[in-house]
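Working notes, beginning with the structure itself.
Lettering follows sequence order; numbering is per chain, from 1.
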Amino acid sequence: MERDRRGEMAIAAARLLRDGERVLVGVGLPNLAANIARRVHAPNLVLVYESGVIDARPTRPPLSIGDPDLVRTSLAVVPILDLFSQYLQPGWIDVGLLGGAQVDRRGNLNSTVIGSYDHPTVRLAGSGGAADIASFAKRTVVLLPQSLERFPARIDFVTSPGHPLGLRRERGPDAVVTDLGVFDFDADGEMRLAATYEGVSAEDVQVRCGWRLRVARDLGVVPSPTPAELDALRSLGGQGRA
Amino acid sequence: MERDRRGEMAIAAARLLRDGERVLVGVGLPNLAANIARRVHAPNLVLVYESGVIDARPTRPPLSIGDPDLVRTSLAVVPILDLFSQYLQPGWIDVGLLGGAQVDRRGNLNSTVIGSYDHPTVRLAGSGGAADIASFAKRTVVLLPQSLERFPARIDFVTSPGHPLGLRRERGPDAVVTDLGVFDFDADGEMRLAATYEGVSAEDVQVRCGWRLRVARDLGVVPSPTPAELDALRSLGGQGRA
Amino acid sequence: MTAFLTVQEAVSRYVGDGDAIYLAGFTHLIPFAFGHEIIRQRRRHLTLCRATPDLVYDQMIAAGVADTLVFSYAGNPGVGLLQAFRRAVEHGELALEEYTHFELVARLAAGAADLPFWPLRSLDSDLSARRPRPRVKSPFGPEEVAVVPALRPDVTLVHAHCADEMGNIYAWGLLGEVREAALAARRVLVSVEEVRPGDGLRAERDHLLLPAFRVESVSVAPWGAHPSYVHGVYDRDTAAYTEWDRISRDAGATSEWLDAFVHGVPDRAGYLSLLQPERLRALKEAAEHGA
Amino acid sequence: MTAFLTVQEAVSRYVGDGDAIYLAGFTHLIPFAFGHEIIRQRRRHLTLCRATPDLVYDQMIAAGVADTLVFSYAGNPGVGLLQAFRRAVEHGELALEEYTHFELVARLAAGAADLPFWPLRSLDSDLSARRPRPRVKSPFGPEEVAVVPALRPDVTLVHAHCADEMGNIYAWGLLGEVREAALAARRVLVSVEEVRPGDGLRAERDHLLLPAFRVESVSVAPWGAHPSYVHGVYDRDTAAYTEWDRISRDAGATSEWLDAFVHGVPDRAGYLSLLQPERLRALKEAAEHGA
């Protein structure tokens with residue numbers, strides 16, 4: 001039976017969100033995670049989208065961050081400039097949920113280019129608000145599937161800054177959720193494997209990581225999805241098998 | 001028969017406004033002047049108030065620049081910051097109509113203090129938006145009754161900048177309207193008597209001016225109010241006798 | 001979570017001696033209920049910040065709560081000067097930090113964005129001669145622009161039309177500098193005409209003034225802006241602005257007024273009980289007909 | 001005075017080869033009618049500015065109108081990447097000026113305020129390594145902040161719900177960066193779903209997007225934002241975004257699409273005649289039910 005990796009990732013990320021927090025989300029997995037959290041354990045989670053939407057209660061998976069459904073169910077929609085300058089920059093966003101093409105051990109994210117910037121192998125979409133969110137959300141949670149290409153020793157381009165060398169800055173990456181496990185960040189700002197899904201070993205993760213991975217001494221197991229979490233996942237259009 | 005000096009001043013100032021212009025006005029005489037212009041010869045005059053009101057069509061003399069009647073008849077009300085930064089500063093306001101306690105030969109205006117700033121004889125209200133308007137409206141028209149105290153050689157405080165010494169800047173004071181006459185500004189930025197009301201001589205004006213006054217070679221006479229102007233004045237609650 | 005407190009509790013808990021406070025509202029929505037309560041609780045050494053001090057600060061200055069005034073236009077709108085302010089300044093009893101309207105709201109914008117300064121254009125005047133507006137050179141060309149420092153009130157006090165039960169705040173009509181003043185503050189206290197139960201207000205998303213997470217406390221205070229106005233609810237009490245001009249010209253009469261209308265009543269309901277019901281009714285009708 | 005022109009006339013008169021243009025609208029109100037007309041009139045060497053290039057710029061890039069792209073997120077929202085953009089970049093055919101969303105809208109804010117730069121906080125990244133965000137020292141303390149240069153498009157093109165006969169422009173729903181992009185421009189051209197006669201729109205003052213005196217011309221273009229959306233009027237045509245992903249992966253198919261849907265029709269009415277009426281009806285119904 002194949003694992004529902006997307007569903008597991010969304011549920012694992014959802015658990016990192018606390019009730020009442022303001023969460024800046026994108027479409028896809030981040031949106032799924034935030035909405036699972038809102039339905040399961042964080043009914044007062046405030047969903048914010050970089051399109052300016054504040055406190056949306058989407059009735060369907062949004063197809064873009066400016067989806068009319070987000071607007072129609074929102075508390076308010078503010079100009080993008082206000083969202084970034086008056087809400088994100090001063091620290092009123094608790095969590096940013098971010099994806100990316102690559103991540104490194106400092107939590108730096110690449111969503112700009114594979115290969116060189118001037119002669120790219122694959123030109124990606126670029127920052128959007130990601131660099132701003134990674135800089136100024138109180139903490140960020142990164143979601144991406146795990147592979148050697150996505151966890152290289154050196155990413156091709158730093159779009160969104162992680163922790164500087166040797167130093168964990170006050171805001172910045174706090175967790176990375178992949179289809180193999182969940183990472184946190186050490187006091188010196190380096191990524192560390194904190195837990196794996198059932199049946200996944202630290203070695204399985206190391207094989208898909210381009211640097212020598214730090215592993216928590218008390219490496220945990222990501223608890224299996226609860227029925228409530230699976231219900232929420234299903235109702236949100238995720239696959240959600242047990 | 002006593003002259004209706006306020007009415008005459010408002011009508012003289014109204015004539016300086018051209019149809020379609022955006023005029024930033026205050027309450028009192030400036031508002032009266034702008035509304036006479038709108039009713040007589042400039043139906044598309046756009047009245048703007050520093051409270052953020054754009055294109056008001058007041059049904060009564062406003063009692064403050066935030067009068068509910070201005071809001072209810074406006075095209076829009078914008079935040080004050082937007083009014084100053086996005087409309088005034090870039091030059092979208094054609095005319096500022098300003099009052100003041102004192103004016104000097106360069107068109108500098110004082111609305112801050114009589115006496116010294118730290119030990120005032122009379123502390124006045126201060127700039128409000130006046131200094132901003134005097135700085136950035138394409139031109140300003142100043143309204144104040146004429147007296148030696150109000151036209152001194154040296155004003156007590158420069159609240160709103162006029163033309164710098166020896167230079168007429170691109171934006172800035174363009175006319176002064178008093179109860180004795182109408183002034184313009186020379187190419188070098190010095191105030192000059194351009195016209196007087198009927199029965200008023202240049203000497204009458206000089207007597208109430210604290211510096212040696214420049215007088216236009218072709219000194220004019222302010223035309224008498226037309227019936228239409230007097231009608232507008234009366235309908236706006238001015239006195240308006242012929 | 002936003003707390004629901006009385007005006008007394010909110011001021012008692014969050015406004016301290018020596019604080020820099022901002023009572024927001026540009027001619028409209030001026031939080032008089034909060035201002036009177038601050039007088040009643042005899043706060044001292046406050047720095048009062050407000051573009052237009054208006055009657056509310058004239059009364060607070062007369063009551064002796066303020067050491068410093070940060071402002072841009074100290075007039076009695078439509079009437080003339082602020083007499084208690086004048087007396088305090090002419091007697092050297094009040095320190096002034098004076099700006100233009102544009103500069104003052106720009107200071108709030110910097111505070112709201114958590115920036116140390118805000119850029120704007122500014123010509124020289126005696127205002128800038130007394131307190132320079134430093135110039136900053138553009139890295140992108142030969143231009144210089146002036147900058148003003150961020151203003152970050154300890155507490156901004158706001159009056160608005162209504163709140164929902166979560167503490168989201170809604171307002172209609174002229175907003176002036178209210179939003180920037182609130183977002184610039186460390187703490188925001190709001191009084192409202194009413195709290196509306198249920199989710200009905202969510203349909204009014206274009207009139208959201210502040211989301212609940214930016215609001216420390218909400219207090220119900222009907223007529224909390226009188227003699228200023230609440231768009232569509234009650235009109236401005238212009239007669240009160242004229243009366244204040246007369247009263248405030250005399251220090252004794254001013255004290256008597258404060259004793260009767262502020263210290264002599266326990267709260268806003270007490271203040272309202274001193275006004276003629278017909279007077280309030282007329283203000284309500286004027287607002288409803290006009291709207 | 002605001003001119004009332006056809007989309008063809010407006011583009012012909014005001015969009016010149018080599019201009020820097022901004023097609024405003026963040027997922028919502030994207031001015032596709034204007035974008036297609038610019039392709040049809042074969043403008044060249046344009047600098048295309050837009051936070052989210054979206055399909056409209058992908059099509060314009062494919063059509064060869066652009067030398068340079070100023071942007072912050074070049075994705076196909078909800079679908080993936082922009083394939084024509086990718087091809088152009090991977091083949092070195094398009095110069096890029098790349099920012100974050102915050103930086104790009106801040107550049108517009110500076111343009112709208114007639115300032116040379118805008119301050120914001122910014123951490124180092126490879127974006128800033130390639131194009132430094134200069135730091136400016138605060139005159140008021142030890143802090144430094146980054147600044148980005150003003151962006152002043154020669155022409156900003158906007159699509160909105162409606163205009164009155166004076167040329168005042170009204171819009172509802174998500175506005176993104178539309179207002180700043182318009183106010184930053186030397187000239188603003190607007191297309192609208194409809195022009196409403198009389199003074200009725202003045203009651204909608206909270207939805208005024210731009211006053212007539214900031215608008216050069218107004219053009220009537222029903223469905224002018226398709227496949228983007230107009231809040232409450234027609235929904236986003238998500239299928240079109242997915243179809244474009246398939247079409248645009250192939251340069252030949254892309255050319256065929258442009259020949260059929262842009263060059264092959266004289267105007268927006270012609271474009272609409274190529275779409276199934278049921279498709280448009282469904283988008284209209286979705287918007288009305290949702291609203």
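Within the 4.5 angstrom heavy-atom criterion, atoms from both the backbone and the side chain of D/Val147 approach chain C.
Taking all atoms of both residues into account, the shortest heavy-atom contact from C/Leu115 to D/Arg121 is CA-NH2, 4.0 Å.
Between C/Pro139 and the choices D/Pro134, D/Pro116, D/Pro149, the side-chain contact (heavy atoms from CB on, under 4.5 Å) rule is met once, by D/Pro134.
C/Val136 is listed as a side-chain neighbour of D/Val136, based on a closest heavy-atom distance under 4.5 Å.
Separation of atoms CG (D/Asp114) and CG (C/Leu120) is listed at 12.0 Å; rounding is to 0.5 Å.
Pairs of residues two or more places apart, or lying in two chains, never qualify as ring pair (Phe, Tyr, Trp, His ring centres under 6.0 Å) while including a residue from residues 128-147 of chain C.
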